[in-house]
Novice: 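Mind having a look at this structure? Questions to follow.
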Amino acid sequence: QVQLVESGGGLVQAGGSLRLSCAASGRTFSRYSMGWFRQAPGKEREFVAVVSRSGGSTRYADSVKGRFTVSRDNAKNTSYLQMNSLKPEDTAVYYCAAEHLFTTEAYDYDYWGQGTQVTVST
């Protein structure tokens with residue numbers, strides 16, 4: 001099993017950057033793809049990014065391509081979401097999630113963190 005804890009959220013101005021971290025427990029972190037999702041008030045949870053278990057493959061939602069970078073450091077049991085050129089529409093609660101498969105579907109993910117708030121002001 002995997003337990004996940006997100007951190008790094010906060011308030012930033014449009015155009016700024018944040019790096020979110022997802023710290024995982026357990027000895028099998030490297031066996032899981034790590035996904036990032038977000039949910040804004042009144043909206044459905046949406047896929048943001050995913051990195052494969054080795055870090056060799058990534059996928060991004062069209063809305064964040066070129067601005068966000070997902071990565072992982074298996075030695076530290078941590079996944080990262082580097083968010084640059086932030087826009088007000090990026091405001092949401094961001095969640096990390098773990099799943100054996102390399103997938104963009106929230107339904108497929110087995111483990112979820114508690115979420116961290118990201119607010120981007122104009």
Side-chain angles (χ1 to χ4, degrees):
Q1 64 175 356
V2 178
Q3 292 180 308
L4 308 172
V5 179
E6 302 95 334
S7 63
L11 174 65
V12 297
Q13 292 182 309
S17 298
L18 282 175
R19 188 181 74 163
L20 305 184
S21 297
C22 177
S25 67
R27 299 175 62 250
T28 59
F29 174 75
S30 64
R31 296 186 181 274
Y32 292 87
S33 293
M34 295 300 302
W36 287 90
F37 297 80
R38 66 188 183 186
Q39 188 166 24
K43 295 187 177 181
E44 299 292 325
R45 186 170 298 186
E46 66 174 344
F47 167 75
V48 176
V50 59
V51 58
S52 63
R53 62 185 182 273
S54 67
S57 297
T58 58
R59 291 185 65 185
Y60 299 91
D62 288 343
S63 59
V64 306
K65 285 181 180 178
R67 300 188 298 119
F68 290 12
T69 302
V70 63
S71 62
R72 67 193 298 157
D73 186 340
N74 288 343
K76 297 181 178 180
N77 275 16
T78 303
S79 176
Y80 304 97
L81 184 68
Q82 178 67 47
M83 305 185 295
N84 299 325
S85 301
L86 282 162
K87 304 174 181 179
E89 51 262 46
D90 295 319
T91 295
V93 176
Y94 283 71
Y95 300 88
C96 67
E99 162 60 34
H100 283 108
L101 300 176
F102 185 68
T103 175
T104 64
E105 299 295 329
Y107 179 85
D108 292 328
Y109 281 78
D110 295 320
Y111 305 101
W112 292 84
Q114 84 289 349
T116 185
Q117 177 71 48
V118 172
T119 302
V120 184
S121 63
T122 302

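For this chain, numbers begin at 1 and follow the sequence in order.
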Novice: Answer yes or no: is there a donor N or O on one side and an acceptor on the other, between the side chain of Ser79 and the main chain of Ser71, under 3.5 Å?
Specialist: yes
Novice: Could you give the distance from CG (Leu101) to CZ (Arg53), rounded to the nearest 0.5 Å?
Specialist: 9.5 Å
Novice: Any pair with a residue in residues 80-89 that passes side chain to side chain donor-acceptor pair (under 3.5 Å), sequence neighbours left out, goes on the list, sorted by first then second residue, please.
Specialist: Ser17-Asn84, Gln82-Asn84
Novice: Could you work out, with side chain to side chain contact (heavy atoms under 4.5 Å, CB included) as the rule, every residue matching Thr119, not counting sequence neighbours?
Specialist: Leu11, Thr91, Gln117
Novice: How long is the gap from SG on Cys22 to CZ on Arg72, to the nearest 0.5 Å?
Specialist: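 Rounded to the nearest 0.5 Å, the SG-CZ separation comes out at 9.5 Å.
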Novice: Report the distance from atom CD of Glu6 to atom SG of Cys96, rounding to the nearest 0.5 Å.
Specialist: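 Between atom CD of Glu6 and atom SG of Cys96 there are 4.0 Å.
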Novice: Between Phe102 and Val50, which heavy-atom pair has the shortest distance, and what is it?
Specialist: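 Between these two residues, the closest heavy atoms are CE1-CG1, 3.7 Å.
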Novice: What heavy-atom pair brings Ala92 and Ala40 nearest, and what distance separates the two atoms?
Specialist: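 What the structure gives for the nearest pair is CB-N, 3.8 Å.
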Novice: Between Ser21 and Thr78, which heavy-atom pair has the shortest distance, and what is it?
Specialist: CB-CG2, 4.2 Å
Novice: Does Arg67 form a side-chain contact (heavy atoms from CB on, under 4.5 Å) with Asp90? I'd like the steps, not just the answer.
Specialist: CA-CA 11 Å; Arg67 300 188 298 119; Asp90 295 319; 2.7 Å; yes
Novice: Would Arg38 and Glu46 count as a side-chain contact (heavy atoms from CB on, under 4.5 Å) here? Give the steps.
Specialist: CA-CA 5 Å; Arg38 66 188 183 186; Glu46 66 174 344; 2.6 Å; yes
Novice: Would you find a donor on one side and an acceptor on the other, under 3.5 Å apart, between the side chain of Glu99 and the backbone of Thr103?
Specialist: no
Novice: Does the side chain of Asn74 come under 3.5 Å of the side chain of Ser30 through a donor N or O and an acceptor N or O?
Specialist: no
Novice: Calculate, to the nearest 0.5 Å, the distance between atoms CH2 and OH belonging to Trp112 and Tyr95 respectively.
Specialist: 9.0 Å
Novice: Atom CZ of Arg59 and atom OG of Ser33: how far apart are they, to the nearest 0.5 Å?
Specialist: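 Interatomic distance, Arg59 CZ to Ser33 OG, rounded to 0.5 Å: 11.0 Å.
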Novice: Through direct or indirect side-chain contacts below 4.5 angstrom among Ile, Leu, Val, Met, Phe, Trp and Tyr, which residues connect to Val64?
Specialist: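 Val2, Leu4, Val12, Leu18, Leu20, Phe29, Tyr32, Met34, Trp36, Val48, Val51, Tyr60, Phe68, Val70, Leu81, Met83, Leu86, Tyr94, Tyr111, Val118, Val120, listed by chain and number.
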Novice: Can you list the steps and then say if Ser7 with Arg19 is a side-chain contact (heavy atoms from CB on, under 4.5 Å)?
Specialist: CA-CA 9 Å; Ser7 63; Arg19 188 181 74 163; over 6 Å; no
